[in-house]
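Taking it in order: structure first as structure tokens, then the write-up.
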Amino acid sequence: MAAEKILSIADLERTASKILPTASRDFFNSGATNQVTVHENSSAYQKYRILPRVLKDVSQVNTKVSLFDRDLAFPLCVSPVGLQGMAHADGELATSRACAKAGINMGISSYANHSVEQITAAGKEIGPIYHVMQLYSMTDREKEARIVHRAEAAGCKAIFLTADSPVLGVRYNEWRNGFLPPAGLDNPMIEKSSEQIQMMSHDDGFSSFNSDSHSWMREIPWLRSITNMEIWIKGVLTPEDVETAIEYGCDGVIISNHGGRQLDETPATIDVLPACAKAARGRIRIHIDGGIRTGSDIFKALALGAECCWVGRPMLWGLAYNGQKGVELMLDILYQEFKRCMQLAGCKSISEISTSSLGVVRSDGPLARL
Ligand SMILES: Cc1cc2nc3c(=O)[nH]c(=O)nc-3n(C[C@H](O)[C@H](O)[C@H](O)COP(=O)(O)O)c2cc1C
Ligand SMILES: O=C(O)C(=O)c1ccccc1
């Protein structure tokens, strides 16, 4: 393990990026095409400034939010990310244990290297935790239904239907490196062995498996007919699609651009959040992921209308650094930073974080209120 003291997510990124083999590091860290969105997801948070209210008793700060009828320790969960076995041998099992220990929930990718049964069981051995199952619209509907049924039987609370991936994004780095998952990693949820996965590029595998003829009408009523789990749409960036998700009776949306890995030059998620939250008018849950790297990023997302945030790459960096302990460290850094941000901003509970807690930096004048 590296000797450097890890105090921030930036420290973790730097250290993990030195440990990981080049092809894995590039696969994890890169975005699509010109890398515009992957960077802007983080840098866009710098447009917003926190307006603290002072001389408030913040000795008893309550950071909890409720999700699926359970309190989370703070408004953060871990996004569904495929192939976590590339970051650490324990992969998703380590992530599940770390999330349970931290008192938060976890998303499970359809491309996980362990099964939904194993991942949920690993977490529950440590403490209370809920999982959600990420799903792509698939060419093989029967296999898709099997994923849904297994997830429900294993106790998952929701399906996160990833809507931004009818085809894979433009991934120059993957194509240049001839990216293939390392040997020995199965994908049990899509019922593929390591040997089968090794026969195709990520791009060819993805397109043989994901359906590019997906639609609201094809997916949502069908999902509703086969499961009682909540149905959330992951990858929404416009108020129009928030409205459509409401029309189709969905329970939530994740404002997400897939961490900048699908269509490059889509906006940073934090920049479209206010319009999406406004369109929702409390009729559907609004969560967000992409570029969240500090506790104050979480604070800003909540102020702009998100109920909860999710992180992807910081979990991979934690795993690569030190398995379960590394993910625990990542979650503890974000928890401590978020709590301290609330205290310094004068917010005693989540409900006190609002648009009046933030201003927007203008290039040519004083801070604008929201
Ligand atoms: C290596 C990697 C694999 C991912 N795999 C999936 C996946 O299988 N399904 C999915 O819906 N999103 C996947 N995502 C996207 C994440 O769920 C999430 O939207 C994104 O990582 C959030 O941005 P952040 O990494 O900046 O926190 C993946 C992201 C990364 C970095
Ligand atoms: O690369 C991705 O963004 C992604 O979603 C994915 C899908 C399958 C396996 C690994 C990652």
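For ligands, and for the atoms within them, numbers begin at 1 and follow the listed sequence. The model shown is predicted, which means the values in this text are computed figures rather than measured ones.
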Please report the closest heavy-atom contact between Ser296 and Ile50, naming both atoms and the distance. CB-CD1, 3.8 Å

Distance filter under 4.0 Å to Phe206 heavy atoms, resulting ligand 2 atoms: 7 (C)

Presence of salt bridge, Arg53 and Glu352, under 4.0 angstrom: no

N/O separation below 3.5 Å, Phe27 to ligand 1: no

Considering distance alone, does some N or O of Ser109 sit under 3.5 Å from an N or O of ligand 1? yes

Proximal candidate to atom 12 (N) of ligand 1 [heavy atom criterion; set Gln262, Gln134, Lys234]: Lys234

Ligand 1 to Arg261 polar contact by distance, N or O atoms, under 3.5 Å: no

Distance under 6.0 Å and angle within 45° of ring axis: Lys300 vs Tyr45: no

With a cut-off of 4.0 Å, which atoms of ligand 1 are near a heavy atom of Ser256? 19 (O)

Is any side-chain heavy atom of Met189 closer than 4.5 Å to a side-chain heavy atom of Val116? yes

Looking only at protein heavy atoms, identify the closest one to atom 9 (N) of ligand 1 and say how far it is in Å. Tyr136 OH, 3.0 Å

Atoms in ligand 1 flagged as close to Thr162, the criterion being non-hydrogen separation under 4.0 Å: 10 (C), 11 (O)

May I ask whether Phe160 has any heavy atom positioned less than 4.0 angstrom from an atom of ligand 1? no

Less than 4.0 Å is my threshold; does some heavy atom of Gln262 fall inside it relative to ligand 2? no

Under 4.0 Å from a heavy atom of Phe28: give me the atoms of ligand 1 that qualify, with their elements. 1 (C), 31 (C)

Ligand-residue contact atoms, ligand 1 with Gly312, heavy atoms, under 4.0 Å: 21 (O), 24 (P), 25 (O), 27 (O)

Could an N or O of ligand 1 be found under 3.5 Å from any N or O of Trp310, whether backbone or side chain? no

Closest heavy-atom approach to atom 20 (C) of ligand 1 among Gly259, Ala163, Ser110 is made by Gly259

Counting from 1, what ligand 1 atoms have a heavy atom of Leu316 closer than 4.0 Å? 1 (C)

I'd like to check which ligand 1 atoms, numbered from 1 as shown, lie under 4.0 Å from a non-hydrogen atom of Gly290. 22 (C), 23 (O), 26 (O)

Numbered atoms of ligand 2 (with element) below 4.0 Å of Tyr136, judged on heavy atoms: 4 (C), 5 (O), 7 (C)

Please determine if Arg293 has a nitrogen or oxygen closer than 3.5 Å to a nitrogen or oxygen of ligand 1. yes

Please could you name the atoms of ligand 2 that His258 approaches to less than 4.0 Å, counting only its heavy atoms? 2 (C), 3 (O), 4 (C), 5 (O)

So is Asp289 in contact with ligand 1, going by heavy-atom distances below 4.0 Å? yes

Check each atom of ligand 2 against the heavy atoms of His202 and keep those under 4.0 Å away; list them by number with element. 1 (O), 6 (C), 7 (C), 8 (C), 9 (C), 10 (C), 11 (C)

Strictly below 4.0 Å, N to O, side chains only: are Glu191 and Arg146 in salt-bridge contact? yes

Location of contacts on His258 toward ligand 1, heavy atoms closer than 4.0 Å: both

For Phe27, the ligand 2 atoms whose distance to one of its heavy atoms is below 4.0 Å: 1 (O), 10 (C), 11 (C)

What do you reckon, is CZ of Arg340 surrounded by more than 12 foreign heavy atoms closer than 6.0 Å? no

Main-chain N/O of Leu7 paired with Asp11 side-chain donor or acceptor, under 3.5 Å: yes

Would Val81 count as being in polar contact with ligand 1, using the rule that some N or O on each side must be under 3.5 angstrom apart? no

Mark up the atoms of ligand 1 that fall under 4.0 Å of a heavy atom belonging to Val311, in ascending order. 27 (O)

Can you spot which of His258, Arg261, Lys234, Gln262 makes a side chain to side chain donor-acceptor pair (under 3.5 Å) with Asp164? His258

Please work out, at 4.0 Å between heavy atoms, whether the side chain, the backbone, both, or neither of Gln84 comes within that distance of ligand 2. neither

Return the closest protein heavy atom for atom 6 (C) of ligand 1 as residue, atom name and distance. Pro80 O, 3.4 Å

